Amino acid sequence: MGRWAIAVHGGAGVDPNLPAQRQDEAKQLLTRCLNLGISSLQSSLSAIDVVELVVRELESDPFFNSGRGSALTENGTVEMEASIMDGPKRRCGAVSGLTTVKNPVSLARLVMDKSPHSYLAFSGAEAFAKQQGVVMVDNDYFVTEENLGMLKLAKEANAIVFDYRIPSLGLGSCSAGAGAAIDNGLQMNGLPISIYAPETVGCVVVDSEGRCAAATSTGGLMNKMIGRIGDSPLIGSGTYACNICAVSCTGEGEAIIRGTLARDVAAVMEYKGLGLQDAIDFVVKERLDEGKAGMIAVSSNGEVAYGFNTTGMFRGCATEDGFMEVGIWE
């Protein structure tokens, strides 16, 4: 019997002026999800079941950018994506372009378990969801007043907005901040973007049998183009699990995709012989180029680790020996 371990994240890149109340709310949510995962592991639930359960919990809370509370497209709608991977046989499932599926991560699980494919998107994924009888809701369920305000802000600034949650400021002040951010030199694919803080969610788990699993879910970028797909549903980029480790990434999706970040952690562990934390440190430093991102990971022997090159990352982790940490900053 091995040792279980779990980590969760709510996104890398945090407004350094995030109000204390907002920080407390984030930590409370992460703690609740950690405790849910811990109790499930203590009840001998498998790693793949735990990551799905925890990410469902995160999707159902509007605080972070997944499920309810997802970022809005340029048309003011929600297009969600998610992926899940079971380490022992590298089984996986992924979905994109979801508009009515209440819990995208569970549809990704069904793609893995109940279809001959690994990835379904847009109308095909929605049709599969209806066929499988998953809970579906109107698109309005996912839209919050806060995100409608920030979409307006993004359109006024003519920018893709990453940091779309600054509740302590009025829209006028936010507009000034967004405009300043456009001039700060931060770019994605050569285009200016606003302050960096994509609040994707994810969970990685190793259970007492040494089985690793990972899941990631997001609404993407505020004011994104219709049809844009990020790293979260891409196996090997935003999510990866094998017999060595499980990884979930968050951050600048285009940079994560280019670096195949999640898979690279496993690769340097296998081929360079690095430990989990050293592997994460290496990948964050050497594979992101000028991109900004973070990640959480567990190893098959019960280690847990994380890393990021952004201003903070919402995260929490725990191990069977009693260690538990919930944090935002370095």
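Residues: numbered from 1 along the sequence shown. Computed from a predicted model, the values in this text were never measured in an experiment.
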Is there a salt bridge (charged side-chain N to carboxylate O under 4.0 Å, His left out) between Arg109 and Asp113 once you walk through the steps?
CA-CA 6 Å; Arg109 175 75 184 271; Asp113 289 342; 2.8 Å; yes
Using modelled atom types and a 3.5 Å cut-off, is there a donor and acceptor pairing between side-chain atoms of Glu126 and backbone atoms of Thr100?
yes
Have Thr319 and Asp321 got a donor and an acceptor in their side chains that come within less than 3.5 Å?
yes
Could you tell me which non-hydrogen atom of Pro233 sits nearest to which non-hydrogen atom of Tyr119, and how far apart they are?
CG-OH, 3.3 Å
Value rounded to 0.5 Å, distance of CG in Leu58 from OG1 in Thr218
11.5 Å
Could you walk me through whether Leu261 and Val265 pass the side chain to side chain contact (heavy atoms under 4.5 Å, CB included) check?
CA-CA 7 Å; Leu261 228 60; Val265 173; over 6 Å; no
Report yes or no: does Asn309 contribute a side-chain atom to a donor-acceptor pair with the main-chain N or O of Lys285 at less than 3.5 Å?
no
Any side-chain heavy atom of Gln277 sitting closer than 4.5 Å to one from Glu303?
no
Looking at Val78, is its backbone amide N or carbonyl O close enough to the side chain of Asn139 to form a donor-acceptor pair, meaning the two atoms are under 3.5 Å apart?
yes
Spatial distance of atom CD1 (Ile328) from atom OG1 (Thr311) [nearest 0.5 Å]:
12.5 Å
Counting only heavy atoms not in Asp24 (residues, nucleotides, ligands), do more than 12 fall under 6.0 Å from its CG?
yes
Donor-acceptor pair, side chain of Glu81 and main chain of Ser232, under 3.5 angstrom:
no
Can you check side chain to side chain contact (heavy atoms under 4.5 Å, CB included) on Phe308 and Lys292, steps first, answer last?
CA-CA 8 Å; Phe308 53 93; Lys292 300 291 185 181; over 6 Å; no
Ser217-Ser66 side chain donor-acceptor pair, cut-off 3.5 Å:
no
Side-chain heavy-atom pair Leu151, Asn147 within 4.5 angstrom cut-off
no
Which atom of Leu110 lies closest to which atom of Phe128, heavy atoms considered
O-CZ, 3.7 Å
Got a salt bridge between Arg228 and Glu74, using NZ or NE/NH1/NH2 to carboxylate O under 4.0 Å?
no
Could you check whether any side-chain heavy atom of Ile38 comes within less than 4.5 Å of a side-chain heavy atom of Leu41, counting everything from C-beta outward?
no
Test item: side-chain donor near acceptor, Asn301 and Ser299, under 3.5 Å
yes
Test: Arg211 and Asp86 ion pair at under 4.0 Å:
no
Would you name the heavy atoms of Leu18 and Gln23 that are closest together and state the gap between them?
O-NE2, 2.8 Å
Closest non-hydrogen atoms of Ala266 and Tyr240, given as atom of the first, atom of the second and distance, are CB-CE2, 3.8 Å
In terms of hydrophobic clustering (I, L, V, M, F, W, Y; side-chain heavy atoms under 4.5 Å; direct or indirect links), are Leu234 and Val201 co-clustered?
no
Contact between Met136 and Leu107 at the side-chain level, heavy atoms closer than 4.5 Å - yes or no?
no
Side chain to side chain contact (heavy atoms under 4.5 Å, CB included) between Leu276 and Cys245: does it pass, once the steps are laid out?
CA-CA 8 Å; Leu276 184 66; Cys245 66; 4.3 Å; yes
Under 3.5 Å donor-acceptor, Lys224 side chain and Gly219 backbone
yes
Exam field: side chain Asp289 to backbone Gly291, donor-acceptor pair closer than 3.5 Å
no
Atom NZ of Lys27 and atom CG of Leu34: how far apart are they, to the nearest 0.5 Å?
13.0 Å
Atom pair CD/CG of Glu79 and Leu221 - distance to nearest 0.5 Å
11.5 Å
Here the pair of heavy atoms bringing Met269 nearest to Ala279 is CG-CB, 3.5 Å
Whether the side chain of Arg56 engages the backbone of Pro104 through a donor-acceptor N/O pair (distance < 3.5 Å, no angle test) should be reported.
no
For the pair Arg3 (side chain) and Ser208 (backbone), establish whether a donor and an acceptor sit closer than 3.5 Å, ignoring hydrogens and angles.
no
Indicate if Val111 and Ile235 have the same hydrophobic cluster label, given that clusters are the connected sets of ILVMFWY residues with side-chain heavy-atom separations under 4.5 angstrom.
no
Is Val204 reachable from Leu53 through a run of I, L, V, M, F, W or Y residues, each pair having side-chain heavy atoms under 4.5 Å apart?
no
Side chain to side chain contact (heavy atoms under 4.5 Å, CB included) between Cys212 and Ile244, intermediate numbers included:
CA-CA 8 Å; Cys212 296; Ile244 298 173; over 6 Å; no
Check the pair Asp61, Arg32 against salt bridge (charged side-chain N to carboxylate O under 4.0 Å, His left out), reporting the backbone distance first and the verdict last.
CA-CA 11 Å; Asp61 192 298; Arg32 188 177 85 224; 3.4 Å; yes
Any side-chain heavy-atom pair of Thr200 and His9 under 4.5 Å
yes
Should Val137 and Phe142 count as side-chain neighbours, where that means a heavy-atom distance under 4.5 Å?
yes
May I ask you to decide if His117's main-chain N or O and Ser115's side chain share a donor-acceptor pair within less than 3.5 Å?
yes
Is there a side-chain contact between Val268 and Val283, using heavy atoms and a 4.5 Å cut-off?
yes
In Å and rounded to the nearest 0.5 Å, what is the CG to CD1 distance from Asp231 to Ile257?
5.5 Å
In plain terms, say whether Arg22 and Glu25 are close enough for a salt bridge, that is, a side-chain N and a carboxylate O under 4.0 Å apart.
yes
Where is the tightest heavy-atom contact between Ala262 and Gly238, given as atom of each residue plus distance?
CB-C, 4.1 Å
Kindly compute the distance separating CZ (Arg91) from OG (Ser118), expressed to the nearest 0.5 Å.
10.0 Å
Under a 3.5 Å threshold, yes or no: a donor from one side chain and an acceptor from the other, between Ser83 and Thr239?
yes
May I ask whether Met295 and Leu274 are part of the same hydrophobic cluster, defined by side-chain heavy atoms of I, L, V, M, F, W, Y residues being less than 4.5 angstrom apart, directly or through others?
yes
Are the side chains of Thr310 and Val14 in touch, meaning some heavy atoms are under 4.5 Å apart?
no
Could you check whether any side-chain N or O of Asp207 sits under 3.5 Å from a backbone N or O of Ser44, counting only pairs where one atom can act as donor and the other as acceptor?
no
Check the hydrophobic clustering (I, L, V, M, F, W, Y; side-chain heavy atoms under 4.5 Å; chains of links allowed) and say if Val247 and Tyr306 are grouped together.
no
